[in-house]
Number of protein chains: 4
Amino acid sequence: MTTKKASNASLPSERRARLVRLAGELFAEKGFRATTVREIADAAGILSGSLYHHFDSKESIGDEILSGFLDEVLTGYREAAAGTDDPRTTIEQFVRSSAATLARHRAALTMLQNDWSHFRAMPRFDYLRTATREIEHLWVDQLERGKQSGLFRPDLDARLTYRLLRDVLWIPTRWGQSSSNGWDTDQIADAVLRLIFDGIVARDSRPAGTSPADRQGRARPARS
Amino acid sequence: MTTKKASNASLPSERRARLVRLAGELFAEKGFRATTVREIADAAGILSGSLYHHFDSKESIGDEILSGFLDEVLTGYREAAAGTDDPRTTIEQFVRSSAATLARHRAALTMLQNDWSHFRAMPRFDYLRTATREIEHLWVDQLERGKQSGLFRPDLDARLTYRLLRDVLWIPTRWGQSSSNGWDTDQIADAVLRLIFDGIVARDSRPAGTSPADRQGRARPARS
Amino acid sequence: MTTKKASNASLPSERRARLVRLAGELFAEKGFRATTVREIADAAGILSGSLYHHFDSKESIGDEILSGFLDEVLTGYREAAAGTDDPRTTIEQFVRSSAATLARHRAALTMLQNDWSHFRAMPRFDYLRTATREIEHLWVDQLERGKQSGLFRPDLDARLTYRLLRDVLWIPTRWGQSSSNGWDTDQIADAVLRLIFDGIVARDSRPAGTSPADRQGRARPARS
Amino acid sequence: MTTKKASNASLPSERRARLVRLAGELFAEKGFRATTVREIADAAGILSGSLYHHFDSKESIGDEILSGFLDEVLTGYREAAAGTDDPRTTIEQFVRSSAATLARHRAALTMLQNDWSHFRAMPRFDYLRTATREIEHLWVDQLERGKQSGLFRPDLDARLTYRLLRDVLWIPTRWGQSSSNGWDTDQIADAVLRLIFDGIVARDSRPAGTSPADRQGRARPARS
DNA sequence: AATGAATGAGCGTTCATTCAT
DNA sequence: AATGAATGAACGCTCATTCAT
């Protein structure tokens, strides 16, 4: 992954960083393919040809965004996995780490979902598969250990569950489109955690405070 | 939804139906915008211009796919809501109905997720918003009733939960990309139901057999 | 010109005549190139491919219309020229004959004006030049004779005047587009004759009744 | 006319102006619809796509040509109408002004005649109707005043006459197709004026010098 | 006589990219 | 760093025409 980018990457000249950010916002909204370089240039107030002083192609902007995202996700996950032996704690850390990273990398997520078939066909983006495979392994490992320790239901299909959880995590990030939807990052992480740990069914015997999502009700009591 | 079919849609001459199916497969894989009419024609073994004997535009193929999907989803939901007073049963029906419909309409799902910004801008597709609003209302209604009856956790944010559940349901459908991923429609519905009702945490006090997801372990005991 | 048309012309089977008429109406409105065979077929209530049972090409419909028109015009002019020695009478006959013919052949006129560059390039339509040359010769001949006899102004440029008169004659035909414009064939012929013979300036010394256009004022006294 | 220029029209960078001129020549020859953007590009020695660096559509080239023409015509007519109270002088100015303008805007004329049905259907070109209505009003007004003052024949149908005159004026412009037809702008204006004022009939009682067309027969030495 | 399906060339347009200035 | 002009391939679509049924 750690793709060390082209010659002109050496000077992360603020201008360049701004362009990546601008492009990212557009990619997040409409996807990579559906965003034209002209739209990016328009957003930056320059002509489309001028973009090529900063990047050698539209693809390399995508590359930068995707590799930056995956680097950060993996770093967060590795730390979470190394920090404790308790699967539940680790998974909770996965979720919180993801929620934070995703909020800053909405573009990468949209690209992964919308344009996967596009990137997958290109050798340049082989690292996408490498990285997603490592991520899957980290999750599945925790789920299996949770099953063995009796924490998780023994009938859980670890890979199926991982896929479900990963995508569940991604969901709220996509909602950012309609910016003012009323939920912030923490609320969403809580709701997701509560959902995946305990489901939506009420349960009187649930030990109070064990679930981090208990905060949900307090944080925004007026909602419901 | 008021499915607005193109004039020549009245006679679904098998050839035409085949073209819609073929187009749908491509849309499901790469999205609507990213699929070219030449690709669709190639898949059918004809020239791109020949498509226009059957459809008046690429858009109208998309229209047909999307409206067909939403019609079916809504029909299923309305029946589920009318069939019983028990929110849990209704929601379970929502899930099973969705799983079945989605399996037959993967293209619509991809289009809704990948190309939403494209369709939203077009008056022709106004029904997308109408329909999704009704769907949301049906779900939120059941969730609220479940909360009031004590079935669901009182701290549940019904709209947030609906959004989460809807997208959770959509998740496995998207996996179809790598066709042989080993889970069938029932297994997925079960896993999803179990997840959203009970979460992933083991619980000894859980009454055996109440959850339909109990079948998961039996159906594919060799997996893990 | 008298182009004897293709094999299937042998049976002027009313169906065929109807198609030519229908096509003519469309050509008259929008020109030849701008009218599609599909539009013609639609007007006839059949599919576009079915037209080719009656004509071997769109061009041959145009051919039929144009040659029919020119045949009729030339016949009328030859008769007018042969009927009298008086240039003024002959020219008046040219005008009256043209007005009648043009009213029945609006399509040909539009095609000659709109699509001339299209037909001129095709050997098949060489007769257009032959015919227009003969027509020009007939007019110029009368104008020259009128000059010599002192009837017309001696400073008249016969060819320039012919061109002007020919096109003046064509003008009202083109107005047919907005069908109900309130002037009928006779009125128009009268107005044109009055214009070209006497101009628009009032003249007290003008012998009453010499101009055929005297009828104009009587026919529609309420207009002015 | 409220000329609605495209965004990039603000800088008429010589290249752009050259393209409009080139396109105009083609439109004048074959009409707007019948001219392809590839032909325009070929004439300019560039690729068809490159045109879109300068214009956002073929239509907007047409818009520019048409609105430019109508602006100029109206300006000339308004000046002519404001300059004198004598209808004959005004109409003579109309004719001379038109002849000059038309010579520089042959494309517009061809488009108005060949592609009227095309433009009329488009809201963007609503100004065509507004402008032609004003032009008609300006002419009819002069004709009516000429009738009342006894200058023009009392039986003249002003609207019918206007239509005739307008189209008569347009006629010679269309001949430009075969560029070397031997008459220049002034000759044509004179011939037209002489025709519309006095007709083609010789008349001894005609007051010498009243008609500007008197110059036609002579060598035209005094052309100022 | 007509249909229904298709062809193949060409249309107006878009887009990532290049490059002299 | 950026512009302005251009490229070349591809796009969605149209159209006259063909042909088996």
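Below, each value reflects all heavy atoms present in this structure, side chains not excepted, and no hydrogens, waters or symmetry copies. In what follows, every chain begins at residue 1, and chains take the letters A, B, ... in the order their sequences are listed.
- When distances are taken from the side chain of D/Ser48 to each of F/dA16, F/dG12, E/dT13, the shortest belongs to E/dT13.
- Salt-bridge formation is not detected for the pair B/Arg21/B/Glu14: no Lys NZ or Arg NE/NH1/NH2 atom is positioned less than 4.0 Å from an Asp or Glu carboxylate oxygen.
- In the model, A/Asp63 has a side-chain atom that pairs as donor or acceptor with a side-chain atom of A/Tyr127 under 3.5 Å.
- As rounded to whole Å, 13 Å separates atom C1' of E/dT14 from atom NZ of B/Lys58.
- Distance C/Glu59 CD to F/dT18 P: 11 Å, rounded to the nearest Å.
- Nucleotide E/dC11 holds its C1' atom 14 Å from the CD1 atom of D/Ile61, rounded to whole Å.
- The closest side-chain heavy-atom distance from B/Ile65 to B/Phe27 is below 4.5 Å.
- The nearest heavy atom of DNA chain F to D/Arg18 and to C/Phe32 marks one nucleotide each, and the one closer to the 5' end goes with D/Arg18.
- Both C/Ile46 and A/Thr36 lie close to DNA chain E; mapped to their nearest nucleotides by heavy-atom distance, the more 5′-ward contact belongs to C/Ile46.
- Among the atoms of the strands shown, only primed sugar atoms or phosphate atoms (P, OP1, OP2) are found under 4.0 Å from some heavy atom of C/Ser57.
- Within the 4.0 Å cut-off from OP1 or OP2 of F/dA5, at least one side-chain nitrogen or oxygen of D/His53 is found.
- Across E/dT3, E/dC15, F/dA6, the shortest atom-to-atom separation from the side chain of D/His54 is found for F/dA6.
- Note on C/Tyr52: a side-chain N or O is less than 4.0 Å away from OP1 or OP2 of F/dT17.
- Base pairing analysis places E/dG8 opposite F/dC15; the two distances defining the Watson-Crick or G-U wobble pair are each below 3.5 Å.
- Distance D/His118 NE2 to F/dT14 P: 14 Å, rounded to the nearest Å.
- For the pair B/Arg33 and A/Ser50, nearest-nucleotide mapping onto DNA chain F gives the more 5' position to A/Ser50.
- One finds no salt bridge joining B/Arg106 and B/Glu25 here, because no Lys/Arg side-chain nitrogen approaches an Asp/Glu carboxylate oxygen to under 4.0 Å.
- Counting distance only, with no hydrogens placed and no angle test, the side-chain atoms of D/Arg38 and the base atoms of E/dG10 include no donor-acceptor pair under 3.5 Å.
- Counting to the nearest Å, the C1' atom of E/dT13 and the CG atom of D/Asp56 are 11 Å from each other.
- Put simply, C/Arg15 has a side-chain N or O that comes within less than 4.0 Å of OP1 or OP2 on E/dA2.
- Between A/Leu47 atom CG and E/dC15 atom C1' the separation is 15 Å, expressed in whole Å.
- Nucleotide F/dT21 is matched to E/dA2 when pairs are restricted to Watson-Crick or G-U wobble geometry with both distances under 3.5 angstrom.
- Rounded to whole Å, atom P of F/dA2 lies 15 Å from atom CG of A/Asp42.
- Between the CG atom of A/Leu51 and the P atom of E/dC15 there is a distance of 14 Å, given to the nearest Å.
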Carefully, step by step, assess D/His54 and D/Arg18 under the rule side-chain contact (heavy atoms from CB on, under 4.5 Å).
CA-CA 11 Å; D/His54 305 276; D/Arg18 178 172 157 264; over 6 Å; no

